[in-house]
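One structure below.
Letters A, B, ... mirror the listed sequences (proteins, then strands); counts begin at 1. All values below were derived from every heavy atom in this structure, side-chain atoms included, with hydrogens, water molecules and symmetry-related copies excluded.
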There are 2 protein chains.
Amino acid sequence: MIEADIFKALADPTRRKVFEKLAGGSLNASALRDGLEISQPAMSQHLAVLRAAGLVREQRQGRFVNYEVDPDGIVAIGAWLARYRAYWPQRMEALADLLKDMDQ
Amino acid sequence: MIEADIFKALADPTRRKVFEKLAGGSLNASALRDGLEISQPAMSQHLAVLRAAGLVREQRQGRFVNYEVDPDGIVAIGAWLARYRAYWPQRMEALADLLKDMDQ
DNA sequence: GTGATACATAAGCGTGTGCTTATGTATCGT
DNA sequence: ACGATACATAAGCACACGCTTATGTATCAC
């Protein structure tokens, strides 16, 4: 069950912050650290969890490892959420439009 | 942060099973137990977590307490997911249609 | 080659989580 | 009123989780 890893990964607040940072674009592990008061090994461990969950993927570039959001993870969450379509208050597309607007 | 409670709640496999059972319709705590090898207090605790996360809501009916999916929780997940819209492989509506088909 | 930088991994530790057993509270049947 | 049923709560315990420090590996600059 891949959902198990996904929800576990997202249960941690630091990992959610990291993931949201990556929503703005690709970043390396060091760049992901600043702003967050976290040690280098802790970040490395968090990234390993996110990667194992399929939420993030990496790309080596010399000494740096660039991380980016893995669309597969997003799809998996969407797939899970789709099972509860009967409880969506309206079409998810409409919700998405709503949320896009309140995104500042 | 309500997402914290939501993802934490869904991180547990038993709670996800309970939640998916409720996707089929309202059920009381005892009915939710069968199939799952879990004690009565454990189920009660899991339901308390799901309720606190806004994923489930209850309705007393005599001695029984009926639980059902709370659309607010679904909306909250959809709202969070909407932040990553840039990484959706296509429109979520299309994904939803796809998933509805492979839902046996 | 040598030192510095970027990141991963290992080991150990405090804390949170999910379970159990035991008990409490409320409603139903008689 | 009394026992049974449905569920919640309390306390205690084993284990998982996230952190730290220490160390390993790989790439860059010179």
Side-chain angles (χ1 to χ4, degrees), chain A residues 1-22 24-70 73, chain B residues 1-22 24-70 73:
Chain A
M1 199 73 90
I2 189 67
E3 299 148 6
D5 299 308
I6 289 180
F7 287 123
K8 266 189 172 184
L10 294 174
D12 183 75
T14 302
R15 283 194 292 263
R16 280 199 309 279
K17 285 178 191 167
V18 168
F19 193 65
E20 293 192 11
K21 272 196 167 190
L22 290 175
S26 178
L27 287 173
N28 62 56
S30 298
L32 283 167
R33 279 186 64 199
D34 46 68
L36 307 177
E37 283 179 13
I38 196 176
S39 68
Q40 177 269 316
M43 175 58 74
S44 186
Q45 288 161 13
H46 280 310
L47 288 169
V49 172
L50 288 169
R51 181 166 12 94
L55 287 165
V56 147
R57 59 188 179 193
E58 67 181 43
Q59 191 180 359
R60 265 230 164 243
Q61 211 152 7
R63 280 183 294 178
F64 300 84
V65 178
N66 275 55
Y67 286 90
E68 60 183 0
V69 171
D70 188 341
Chain B
M1 200 74 91
I2 189 67
E3 299 147 7
D5 298 308
I6 290 179
F7 288 123
K8 267 189 170 182
L10 294 175
D12 183 76
T14 302
R15 283 195 291 264
R16 280 199 309 280
K17 284 178 192 167
V18 168
F19 193 65
E20 293 192 10
K21 272 196 168 191
L22 290 175
S26 178
L27 286 173
N28 62 55
S30 298
L32 283 167
R33 278 186 65 200
D34 45 70
L36 307 178
E37 282 179 13
I38 196 176
S39 68
Q40 177 269 317
M43 174 59 73
S44 187
Q45 288 160 13
H46 280 310
L47 288 169
V49 171
L50 288 169
R51 181 166 10 95
L55 287 164
V56 147
R57 59 189 180 193
E58 66 181 43
Q59 191 180 1
R60 265 231 165 246
Q61 212 152 5
R63 281 183 294 178
F64 300 85
V65 179
N66 275 54
Y67 287 89
E68 59 183 359
V69 171
D70 188 341

Next item on the list: Grab the two heavy atoms, one from A:D34 and one from A:A31, that are nearest each other, plus how far apart they are.
Entry: OD1-O, 3.2 Å
Notebook entry, point to check: Can B:V69 and B:L55 be said to form a side chain to side chain contact (heavy atoms under 4.5 Å, CB included), step by step?
Noted result: CA-CA 6 Å; B:V69 171; B:L55 287 164; over 6 Å; no
Check: Which whole-number value in Å describes the distance from A:R51 CZ to C:dC7 P?
Finding: 12 Å
Sequence neighbours left out, cut at 3.5 Å: what donor-acceptor pairs do the side chains of residues 36-51 of chain A make with other protein atoms?
unit_1, atom_1, unit_2, atom_2, d
A:S39, OG, A:A42, N, 3.3
A:H46, ND1, A:R15, NH1, 3.2
A:R51, NE, A:E58, OE1, 2.8

Margin query: Given D:dT9, C:dA6, C:dA8, identify the nucleotide with an atom nearest to the side chain of A:E58.
Written below: C:dA8
Notebook entry, point to check: Counting only N and O atoms by type, is there a donor-acceptor contact under 3.5 Å from the side chain of A:S26 to the main-chain atoms of A:N66?
Noted result: no
Margin query: Whole angstroms only, please: what is the NZ-P distance between A:K17 and D:dG18?
Written below: 14 Å
Notebook entry, point to check: What is the distance from atom CD of A:E20 to atom CG of A:L22, rounded to the nearest 0.5 Å?
Noted result: 10.5 Å
Item checked: Side-chain donor/acceptor of B:R60 to backbone N/O of B:G62, under 3.5 Å -> yes
Margin query: Distance check needed: D:dT27 C1' versus A:R63 CZ, whole Å only.
Written below: 6 Å
Check: Does B:L32 offer a backbone N or O that forms a donor-acceptor pair with the side chain of B:K21 under 3.5 Å?
Finding: yes
Check: Closer than 4.0 Å, any side-chain N/O of A:Y67 to the OP1 or OP2 of C:dA8?
Finding: yes
Note to self: Heavy-atom nearest nucleotide on DNA chain D for B:A48 versus A:R60: which residue maps closer to 5'?
What the structure shows: B:A48
Check: Are any of B:N28's side-chain N or O atoms less than 4.0 Å away from OP1 or OP2 of D:dA6?
Finding: no
Notebook entry, point to check: To the nearest Å, how far apart are A:L10 CG and D:dG18 P?
Noted result: 12 Å
Check: Atom CG of B:L32 and atom P of D:dA6: how far apart are they, to the nearest Å?
Finding: 14 Å
Item checked: Terminal helix-axis angle for the helix from C:dG1-D:dC30 to C:dT30-D:dA1, with five pairs defining each axis and rounding to 10 degrees -> 30°
Next item on the list: Compare every heavy atom of B:V56 with every heavy atom of B:F19, then report the nearest pair and how far apart it is.
Entry: CD1-CG2, 4.0 Å
Next item on the list: Mark up nucleotides 14-21 of chain C, 5' to 3', with B wherever a protein heavy atom is under 4.0 angstrom from a base atom, S wherever such an atom reaches only the sugar-phosphate, and - elsewhere.
Entry: ---SSBBB
Margin query: Is any side-chain heavy atom of B:R16 closer than 4.5 Å to one of A:F7?
Written below: yes
Margin query: Without decimals, in angstroms, what is the distance between A:F64 CZ and C:dT5 C1'?
Written below: 7 Å
